Amino acid sequence: MIETHIELLSSFCDGAVVDPDRLAAALADPRARDALVDFARLRAAVASSHPLPDSLERLRPAAVRRPQLRAALAGAAAMLVLVALTFAMLPRGWFIRDEADGPPPPARVIRYEPGVDWGPEHR
Amino acid sequence: MRRRHGNHAVALAAVIGAFAPGAAAQDRPSSGPTLEVHIRTLKHAGGTGMSGWGRNPLVTGTPVAWFLTAGSVNPADMTVCGGGVGETGALGDKLSRNSFVWDVRMLPSKYENGTVTVDLEWARYRTDTPGRPSAEGKATLSLREGDRQPIDFVHGEIGSRGCAEDAAIVEVGTGYAEDRQLAQSILQYDVWLKHQGAGGQTVTKRFTAMGAQGADVAFAFTPLQFQVSQDAPDNAAYDVFTTVQGTIKGRLLPNGRLSVSVDTSRRDGLGPRSGGAGAGWSGNTGRKLLDIAPDEAIEIELPAPRGTSRTSALKGAAASRGAGSAPAPTQAVSTVDGRLVIDHALFFQGQRTSLIVQVKPARQ
């Protein structure tokens, strides 16, 4: 029964419409009254706030969201990604010419053998 | 096997299946080196009339034989108009329907480093003198892939029907039947010429090209130039030039690897400093066959030349080459009897010239 009185008072504090007779009965319950006082304290604690100091009075207001600017930024980011991908797909030799022109390290080294597969050229 | 007459290619049913998966060809490889015969006629007014060819897989120890014919339009006229190549039939039957019949037989005895050694026997018969060959030959040939060797040439009559072709040429040769799945492959070739001087300095030149499967791709580099110190103030300014060029040919194999042949020639000699490589040079050539993975780089060292290059030490004189009969020089560069002499072995001592080859299938 105590729990019911407390719940009724909680609902009343939250703005619900309650049965006056049942409210009266709840208020007659000492433990329910204590709970009501606790509700009041809790609300006071939540609602109370100190005023801002003078130094913060001129805080710039929150930036207004501008959809056009956001779209432009997204477009620019997409362009950057596209350019980066394009460059990544281009032949490497376009950018690192010296390295591209140099031979790779050979996996094997062989030799034309004179008298075997190398001989005088006839002209 | 097929023949062509004018612009029309006519397949011979008896031999068209040489590389086709028919019943008669099931035991034949689908790709690989081949032995070939060719016949073509020459027009009076210039150009080629009829051309035909026959092709069989090259299998060491397995003989191949063809009949080549010319003058089928009217055999009695002894012209060369009309004809072709076939594997089957009898000589007598062929002679009854053609003015000229060649019986060509080849027996490959060795296939090594891309070169086949083949025993050749051939005979030419005429329908107006049947029963004995009017010409014949026998030889042992060494043929590289793609080589052709003319073996006979015969003149024909104009004939009653005004044959516009007056001669026929018969050739034997070698070729290669490409794998059907890979025949359309395109390969990318990267070839570097690298020269390391005696002091360790390196000069590198690069060649890049693409080519079809099994097609020759010629490569060449601008000559390497080596300064020659002059012995006398009135010497003309000559340098030693090294020219490297050649042909590279690759095939993508079914296992993903590449079969590559590299034919290289290296010429070294004197030339005017301002005029590039001159007439005086010593040339060597060679072929390497490689089995490589795509993108695998192989370095092939080119042996330094031997012999000498010599020229007049006076301005305006032409260079010459060869060992000659003059005494061997003891210095890399010397002047002997008014001639500038380069001893190649001494001149290139401590230096190293090589090719680095890299092949891969080109991206689609």
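Remember, it's a predicted structure, so these values are computed and weren't measured experimentally.
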query = Can you find a pair of side-chain heavy atoms, one from Pro120(A) and one from Asn284(B), that are under 4.5 Å apart?
reply =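 Side chain of Pro120(A) against side chain of Asn284(B), heavy atoms only: contact under 4.5 Å found.
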request  = Sort out for me which of Pro105(A), Ala107(A), Gly119(A) touches chain B most, counting heavy-atom pairs under 4.5 Å.
outcome  =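 Highest number of pairs under 4.5 Å: Gly119(A).
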key: From Glu121(A) atom CD to Thr264(B) atom OG1, the distance as rounded to the nearest 0.5 Å   =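 Interatomic distance, Glu121(A) CD to Thr264(B) OG1, rounded to 0.5 Å: 11.0 Å.
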key: Distance in Å, Lys288(B) NZ paired with Arg111(A) CZ, rounded so as to fall on 0.5 Å steps   =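 Here the rounded value is 9.5 Å.
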Test side chain to side chain contact (heavy atoms under 4.5 Å, CB included) applied to Ala212(B) - qualifying residues, sequence neighbours left out =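 Side chain to side chain contact (heavy atoms under 4.5 Å, CB included) check on Ala212(B) returns Ile186(B), Ala215(B).
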message = Tell me every residue that passes side-chain hydrogen bond (donor to acceptor under 3.5 Å, both in side chains) with Arg33(A), counting only those two or more places apart in sequence or in another chain.
response =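 Checked Arg33(A) against side-chain hydrogen bond (donor to acceptor under 3.5 Å, both in side chains); zero matches.
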ask   = With Glu296(B), which residues qualify under side-chain hydrogen bond (donor to acceptor under 3.5 Å, both in side chains), at least two apart?
value =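 Glu296(B) satisfies side-chain hydrogen bond (donor to acceptor under 3.5 Å, both in side chains) with no other residue.
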task = Check whether more than 12 heavy atoms from other residues, nucleotides or ligands sit under 6.0 Å from atom CZ of Phe12(A), and answer yes or no.
result =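 Open.
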key: CD/Gln201(B): more than 12 non-hydrogen atoms of other groups inside 6.0 Å   =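 Count over threshold, so yes.
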Proximity breakdown for [X] and chain A, heavy-atom pairs closer than 4.5 Å:
X	value
Val191(B)	neither
Ile356(B)	side chain
Leu355(B)	neither

Contact residues of residues 15-23 of chain A (partner chain B; heavy-atom separation under 4.5 angstrom) =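 Contacts with chain B: none.
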ask   = Can you name the closest pair of heavy atoms from Pro303(B) and Tyr112(A) and give their distance?
value =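 Closest pair (atom of Pro303(B), atom of Tyr112(A), distance): CG-O, 3.0 Å.
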